[in-house]
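Notes follow the structure.
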Number of protein chains: 2
Amino acid sequence: MKTKEELPACPVATAVSLIGGKWKLLILRNLKTRPWRFNELQRDLEGISQKVLTDSLRQMIDDGLAYRHDYHETPPHVEYGLTSLGREMLPIIDALADFGNYYKSIIQ
Amino acid sequence: MKTKEELPACPVATAVSLIGGKWKLLILRNLKTRPWRFNELQRDLEGISQKVLTDSLRQMIDDGLAYRHDYHETPPHVEYGLTSLGREMLPIIDALADFGNYYKSIIQ
DNA sequence: CGGAATCCATCACGATACTG
DNA sequence: CAGTATCGTGATGGATTCCG
């Protein structure tokens, strides 16, 4: 979790600093509905490497947006989901989806 | 402007492909209120280079989000603003700002 | 299954100089 | 003022190997 002093003054810049990178918004899009397992996420995001998925998830956890639950089973069973703070980002995902649909509807 | 075939199937991914990079969302935040001149934008974004600002603006124009109006004066006078399509992105900016404010309000 | 560790590639981004 | 043209670098992301 960042401290107040590390964050930009502008709220938009603050949010951007949390969802920066190529994949976090797409990860949020997936976690929106339910918890996901690691390999399940990687398969669905198609194109993301293990390293980048690991790094992205860890940053999101560190920022308080996501949680990691290890069931301590063999074979390993780990699930990732959104914290209540992470769920506060869902209006952003919804706005992105709305715009994406609109954009595709008007281009020829 | 991209064609339908170049865009991802997922609407969120479509939107992300349009606002990718480090600066476009911040540029949108500025253009939200009124048209801006080039140097004015560069000063306000503090940290962005001319090249990156030029590249970002050109992509946004190419994607139909922004326009460029050259007054053909000497000294040069050029203004950048949002198209009606670009204004459809404003809910995204608003959602980002809301979240940024909320995030800063709850961290200690 | 869910990673860690390592190495490598690319390109987004940045610095600098110059121009109509 | 509003760029263009070069050139350089470093963080981000990708490929591969190994492990409990």
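Below, each value reflects all heavy atoms present in this structure, side chains not excepted, and no hydrogens, waters or symmetry copies. Within every chain, numbering begins at 1; the chains are lettered A, B, ... in the order of the sequence lines, protein sequences first and strands thereafter.
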For [X] and [N], give me the distance from atom [atom1] to atom [atom2], rounded to whole Å.
X	N	atom1	atom2	value
B:Tyr80	D:dC1	OH	P	14 Å
A:Ile19	D:dT12	CD1	P	14 Å
A:Glu46	D:dG14	CD	C1'	16 Å
B:Ile61	D:dA2	CD1	C1'	13 Å
A:Asp55	C:dA5	CG	P	11 Å
A:His72	C:dG2	NE2	P	13 Å
A:Arg58	D:dT12	CZ	P	15 Å
A:Glu40	C:dG2	CD	P	9 Å

Side chain of [X]: nearest nucleotide among [options]?
X	options	result
B:Pro76	C:dG14, C:dG20, D:dT4	C:dG20
A:Arg37	C:dG2, D:dG13, D:dG3	C:dG2
B:Arg68	D:dT4, D:dA2, D:dC1	D:dA2
A:Phe38	D:dG14, C:dG2, C:dG14	C:dG2
A:Lys22	D:dG14, C:dC1, C:dC13	D:dG14
B:Asn39	C:dG2, D:dA2, C:dG14	D:dA2
B:Lys51	C:dA15, D:dC1, D:dT4	C:dA15

Think A:Trp36 has a side-chain N or O under 4.0 angstrom from the OP1 or OP2 of C:dG2?
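The answer is no; no side-chain N or O of A:Trp36 sits under 4.0 Å from OP1 or OP2.
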Consider side-chain contact (heavy atoms from CB on, under 4.5 Å). Of B:Val12, B:Asp94, B:Leu96, which one does A:Ile92 pass it with?
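So the option named by the test is B:Leu96.
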Reckon A:Ser49 touches a base, only the sugar-phosphate, or nothing at all at heavy-atom distances under 4.0 Å?
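Base contact.
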Could you tell me whether B:Tyr71 contacts a base, only the sugar-phosphate backbone, or nothing, with contacts defined as non-hydrogen atoms closer than 4.0 Å?
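Answer is nothing: B:Tyr71 stays at 4.0 Å or more from every strand.
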Donor-acceptor pair present, A:Gln50 side chain and C:dA4 base, under 3.5 Å
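Pair found.
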List the steps and the verdict of side chain to side chain contact (heavy atoms under 4.5 Å, CB included) for B:Ile27 and B:Tyr80.
CA-CA 10 Å; B:Ile27 294 172; B:Tyr80 294 90; over 6 Å; no
Which atom pair, heavy atoms only, marks the closest approach of A:Thr83 to A:Gly64?
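Closest approach of A:Thr83 to A:Gly64: OG1-O, 2.6 Å.
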Rounded to the nearest 0.5 Å, what separates atom CG in A:Leu26 from atom CG in A:Leu45?
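Going from the CG atom of A:Leu26 to the CG atom of A:Leu45 covers 6.5 Å.
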Grouping I, L, V, M, F, W and Y whenever their side-chain heavy atoms are under 4.5 Å apart, do B:Tyr67 and B:Leu28 come out in a common cluster?
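Result: no, two separate clusters.
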